[in-house]
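Residues take their numbers from the sequence shown, with the count starting at 1.
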Amino acid sequence: MKLVILILGLCSLLLSEVLTISFSRSASEPYVFIDKRELKGGVLKELMDALSKQSGIKVKYVLVSKRNQEEQMVQGSIDGSCLVNPSELANPDAHLWSEPLYEEEDVLIIRKSDANKINNLHALFGHKIGTRQAHHYPTLTHYFKTKKIERIENKKLANNINQLRFGIIDAAVDTKLAVGHCIQKKDVADDIIVSSQVIDKQVLYCAFRKDMDVSLDKINAALASLKQKGVIDKILKKYRADL
């Protein structure tokens with residue numbers, strides 16, 4: 001009887017490991033696919049589902065606006081936020097950080113008709129550039145602050161592409177993964193091209209609250225295993241489009 005109670009107690013302890021991960025509507029496809037208020041798919045869900053399967057940690061997904069995610073981590077409402085770079089958070093040292101997940105590139109999208117005149121960073125001076133709201137652009141930040149480049153923020157990459165097609169903005173910058181997916185989905189490859197100019201490269205991580213119940217070492221061990229098995233690369237390859 002004591003053995004049964006001990007086993008049940010251990011099972012209960014294991015089942016109590018739950019990691020609450022945030023997602024937001026401002027994240028572009030294919031990072032998240034949202035139906036109503038539920039995360040139905042995308043890079044974030046597939047990556048965290050793989051982490052759950054590898055580690056035995058249950059993952060719960062909670063819809064939180066991007067601007068509130070850091071505050072809710074501090075308050076303990078959520079455990080973490082993934083696919084972020086430390087430079088995106090106001091106080092990165094206040095959180096625990098996972099091992100690197102992968103490196104993402106920010107690329108420049110332009111109209112085909114402008115391919116010859118907007119083909120490098122300096123060619124953006126004096127122009128309106130569409131960006132994603134709350135996304136950090138290390139290379140461009142100085143030029144935004146000094147007004148050499150006018151930053152136009154949109155919640156969605158699709159909005160930037162629409163404004164680009166109709167001449168409201170002169171170019172847009174977003175992650176290569178999101179750009180490829182959006183161009184294919186909207187069938188605008190005849191109008192829009194991706195410049196060979198890479199604006200930024202940023203390593204993405206998961207950020208966690210320091211007092212979470214789940215061990216960071218356990219999370220990192222699972223992520224290392226997923227990398228070694230090629231699972232993360234396989235997930236990214238599934239969503240990556242030829243540009």
Side-chain donor/acceptor of Asp114 to backbone N/O of Lys117, under 3.5 Å: no

Approximate separation, where rounding is to 0.5 Å, of Leu216 CG and Leu223 CG: 9.0 Å

Let me know which of Asn160, Val194, Ile169 forms a side-chain contact (heavy atoms from CB on, under 4.5 Å) with Ile109. Val194

Does Asp35 come within less than 4.0 Å of Lys40, counting only side-chain N to carboxylate O? no

Donor-acceptor contacts, no H, no angles, side chain residues 226-235, under 3.5 Å, sequence neighbours left out:
{"residue": "Lys227", "atom": "NZ", "partner": "Pro100", "partner atom": "O", "Å": "2.4"}
{"residue": "Lys229", "atom": "NZ", "partner": "Gln54", "partner atom": "OE1", "Å": "2.9"}

Please list all pairs passing the disulfide (SG to SG under 2.5 Å) test where one or both residues lie in residues 32-64, with sequence neighbours left out. none

Please, which pairs that meet disulfide (SG to SG under 2.5 Å) have at least one residue in residues 144-183, sequence neighbours excluded? none

pair Leu204-Glu103: side-chain heavy atoms closer than 4.5 Å: no

Judged by atom type as modelled, is there a donor-acceptor pair below 3.5 Å linking the side chain of Ser55 to the main-chain atoms of Leu51? yes

With sequence neighbours excluded, give me every disulfide (SG to SG under 2.5 Å) pair touching residues 103-140. none

For the residue pair Thr131 and Ile152, establish whether any side-chain heavy-atom pair is separated by less than 4.5 Å. no

Interatomic distance, NZ@Lys45 vs CD1@Ile21, rounded to 0.5 Å, equals 13.0 Å

Of all heavy-atom pairs linking Ile34 and Ser24, the shortest is CD1-O, 3.7 Å

Using a 4.5 Å cut-off on heavy atoms from C-beta on, say whether the side chain of Ser215 contacts that of Glu17. no

Asn91 meets the side-chain contact (heavy atoms from CB on, under 4.5 Å) criterion, sequence neighbours left out, with Glu70, Asp93, Ala94

Using side chain to side chain contact (heavy atoms under 4.5 Å, CB included), reason through Val214 and Phe208 one step at a time and then give a plain yes or no. CA-CA 10 Å; Val214 181; Phe208 300 107; over 6 Å; no

Under the rule for salt bridge (charged side-chain N to carboxylate O under 4.0 Å, His left out), what residues qualify as partners of Lys238, not counting sequence neighbours? Glu46

In Å and rounded to the nearest 0.5 Å, what is the NZ to CG distance from Lys128 to Asp170? 7.5 Å

Salt-bridge contact Asp191-Arg165 (side-chain N to carboxylate O under 4.0 Å): yes

Could you give the distance from CD (Gln133) to CG (Asn154), rounded to the nearest 0.5 Å? 8.5 Å

Evaluate the criterion side chain to side chain contact (heavy atoms under 4.5 Å, CB included) for residue pair Lys60 and Leu19; output intermediate values, then yes/no. CA-CA 6 Å; Lys60 179 182 177 182; Leu19 196 61; over 6 Å; no

After noting the C-alpha distance and the side-chain angles of Gln75 and Asn68, does the key distance pass the side chain to side chain contact (heavy atoms under 4.5 Å, CB included) rule? CA-CA 11 Å; Gln75 293 175 349; Asn68 293 331; over 6 Å; no

As an exercise, state the distance from OG1 of Thr175 to CG of Asp106, rounded to the nearest 0.5 Å. 6.5 Å

Between Leu63 and Arg25, the two heavy atoms sitting closest are CD2-NH2, 3.7 Å

Got a sec: does the CD of Glu38 have more than 12 other heavy atoms crowding it under 6.0 Å? no

Taking ILVMFWY side chains as joined if any heavy atoms are under 4.5 angstrom apart, and letting links pass through other members, which residues group with Ile118? Leu108, Ile110, Leu121, Leu124, Phe125, Ile129, Tyr137, Leu140, Tyr143, Phe144, Ile149, Val173, Ile193, Ile199

State whether a side-chain donor-acceptor pair under 3.5 Å links Asn220 with Ser98. no

Heavy-atom closest contact (Trp97 atom, Pro92 atom, distance): NE1-O, 2.9 Å

Inter-residue atom distance Gln202.CD - His135.NE2, 0.5 Å rounding: 5.0 Å

Under 3.5 Å, which donor-acceptor pairs link side chains of residues 78-89 to any protein atom two or more places apart or in another chain?
{"residue": "Asp79", "atom": "OD1", "partner": "Arg209", "partner atom": "NE", "Å": "2.9"}
{"residue": "Asp79", "atom": "OD1", "partner": "Arg209", "partner atom": "NH2", "Å": "2.9"}
{"residue": "Asp79", "atom": "OD2", "partner": "Thr20", "partner atom": "N", "Å": "2.8"}
{"residue": "Ser81", "atom": "OG", "partner": "Gln69", "partner atom": "OE1", "Å": "2.8"}
{"residue": "Asn85", "atom": "OD1", "partner": "Ser87", "partner atom": "N", "Å": "2.9"}
{"residue": "Asn85", "atom": "OD1", "partner": "Ser87", "partner atom": "OG", "Å": "2.6"}
{"residue": "Asn85", "atom": "ND2", "partner": "Val203", "partner atom": "O", "Å": "2.8"}
{"residue": "Glu88", "atom": "OE1", "partner": "Lys66", "partner atom": "NZ", "Å": "3.0"}
{"residue": "Glu88", "atom": "OE2", "partner": "Asn85", "partner atom": "N", "Å": "2.9"}

Residues 20-76 vs ring pair (Phe, Tyr, Trp, His ring centres under 6.0 Å), sequence neighbours excluded, gives Phe33-His181

Using side-chain heavy atoms (C-beta onward) and a distance below 4.5 Å, is Gln72 in contact with Ser22? no

Across all chains, not counting sequence neighbours, the salt bridge (charged side-chain N to carboxylate O under 4.0 Å, His left out) partners of Lys156 are none

Can you list the residues that meet the side-chain contact (heavy atoms from CB on, under 4.5 Å) rule with Glu105, with sequence neighbours excluded? Val107, Lys176, Val198, Lys201

Applying disulfide (SG to SG under 2.5 Å), which residue pairs with at least one partner in residues 128-173 are found, sequence neighbours left out? none

Is a donor from one side chain sitting under 3.5 angstrom from an acceptor on the other, for Ser52 and Asp49? no

